[in-house]
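These figures come from a predicted structure and were not determined experimentally. In what follows, chains carry the letters A, B, and so on, assigned in the order in which the sequence lines appear, proteins first and then strands, with residues in each chain numbered from 1.
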Number of protein chains: 2
Amino acid sequence: MSIIRKTKTVKLLLKEFNKSNEAISVIELIDKFNKKMDKTTVYRILDRLEDSRILHSFVDQDGLKRYAKGASNTDFNNEPEIHPHFLCEDCGTSSCLPVTIQIPDIPNYTIKSAEHLLIGRCKDCVS
Amino acid sequence: MSIIRKTKTVKLLLKEFNKSNEAISVIELIDKFNKKMDKTTVYRILDRLEDSRILHSFVDQDGLKRYAKGASNTDFNNEPEIHPHFLCEDCGTSSCLPVTIQIPDIPNYTIKSAEHLLIGRCKDCVS
DNA sequence: TTTCCTACTGCAATTAAGTTGCATTAAACA
DNA sequence: TGTTTAATGCAACTTAATTGCAGTAGGAAA
Ligand SMILES: [Zn+2]
Ligand SMILES: [Zn+2]
Ligand SMILES: [Zn+2]
Ligand SMILES: [Zn+2]
């Protein structure tokens, strides 16, 4: 958990995440802020924000890293929890889902964490 | 679903998958067969085997593609199903898990498919 | 306010996974 | 055995992510 300086670039990224609860891919952020900061800076700030548990990340189906608000193993009320992530196959938007997924006991395996990626249509894309 | 010729390289890869039920990363395969075939060939054969539903794939935590025996949306008895994948954080081995994970109904979202990656320790690595 | 420390940034170069184009090779089948 | 065309190898390329380093700017302390 590193100390984070409130630099202009950090503020810009935090503002972006505070706009909505969506999970944003690094690529989108690099593209969006290509006039404001270098891609290296984007990667490094996201890294630090995740270390500080201000953001959490997951890897989507295409192998791209996505970030969203909050710590990974707490829910929206800060209770420990693993939550699934949703990805709309139509519009590409992604978000954390405030539901709990039950993992059955599996003999011979000790499960410590899990990544759940649900793919489908968001409410704006159901045709 | 393309027709697949039984070339030497295809046979080599199939033999590897028939050795065990593990999910193997493309990188491992490229490395293992670097004397026997080009990496392009590995990628293309895996592609075809997945098209033909002989293998299925998923993306692991590091964004690396992994392949395992069987079609993705059928279980070991060929019944339609989504199964989770396991990754041992200790030895790095990965496998399909023959259990069913229940996805709760989520208002405003239509879920079509899911990827479940469970991380922990396999039976050989519990200390 | 000014000074100082060092976290942070930008840039260029590099790594690594995966893809593409094309000439050549070898399965498969009549 | 010859013909067809799927499949291969190789080189070049694309894209996401990382690294090294010199220079910049937070922010604490004087
Ligand atoms: Zn949508
Ligand atoms: Zn989340
Ligand atoms: Zn293990
Ligand atoms: Zn599987």
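Closest to the side chain of A:Ile27, from the set D:dA16, D:dG26, C:dA27, is D:dA16.
Aromatic ring centres of B:Phe86 and A:Tyr109 lie closer together than 6.0 Å.
Taking the six-membered ring for Trp and thresholds of 30 and 60 degrees, B:His56 and B:His83 have ring planes more than 60 degrees apart, a perpendicular arrangement.
If you check residues 29-45 of chain A against DNA chain C, the residues with a heavy atom closer than 4.0 Å are A:Lys36, A:Met37, A:Asp38, A:Thr40, A:Thr41, A:Arg44, A:Ile45, listed by number.
With rounding to the nearest 0.5 Å, the separation of CD1 in A:Ile45 from OG1 in A:Thr9 is 3.5 Å. To the nearest 0.5 angstrom, A:His116 atom NE2 is 5.5 Å from B:Ile101 atom CD1.
Atom NZ of A:Lys65 and atom C1' of D:dA17 are 10 Å apart (whole Å). Atom CG of B:Asp47 and atom P of C:dT19 are 7 Å apart (whole Å). In this entry the distance linking NZ of B:Lys8 with P of C:dA26 reads 6 Å, nearest Å. Protein atom NZ of A:Lys11 is 14 Å distant from nucleotide atom P of D:dA25, rounded to whole Å. Atom CD of A:Glu28 is separated from atom C1' of D:dA16 by 14 Å (rounded to the nearest Å). We find that CG of B:Leu12 is positioned 15 Å from P of C:dA26, with the value rounded to whole Å. One interatomic measurement links the two molecules: CG of B:Asp51 to C1' of D:dA7, which rounds to 15 Å at whole-angstrom precision. Separating the CZ atom of A:Arg66 from the P atom of D:dA16 is a distance of 12 Å, rounded to the nearest angstrom.
Close to D:dT8, at under 4.0 Å from its OP1 or OP2, lies a side-chain N or O of B:Arg48.
Defined by atom type and a distance below 3.5 Å, a donor-acceptor pair is missing between the side-chain atoms of A:Thr93 and A:Glu22.
Taking each heavy atom of B:Ala114 and A:Leu118 in turn, the nearest pair found is CB-CD2, 3.6 Å.
Side-chain contact between A:Lys35 and A:Phe33 is absent, with no heavy-atom pair separated by less than 4.5 Å.
Heavy-atom nearest nucleotides on DNA chain C were determined for A:Thr9 and for B:Thr7, and the one closer to the 5' end corresponds to A:Thr9.
For C:dA28, its base never sits under 3.5 Å from the side chain of B:Arg5 at any donor and acceptor pair.
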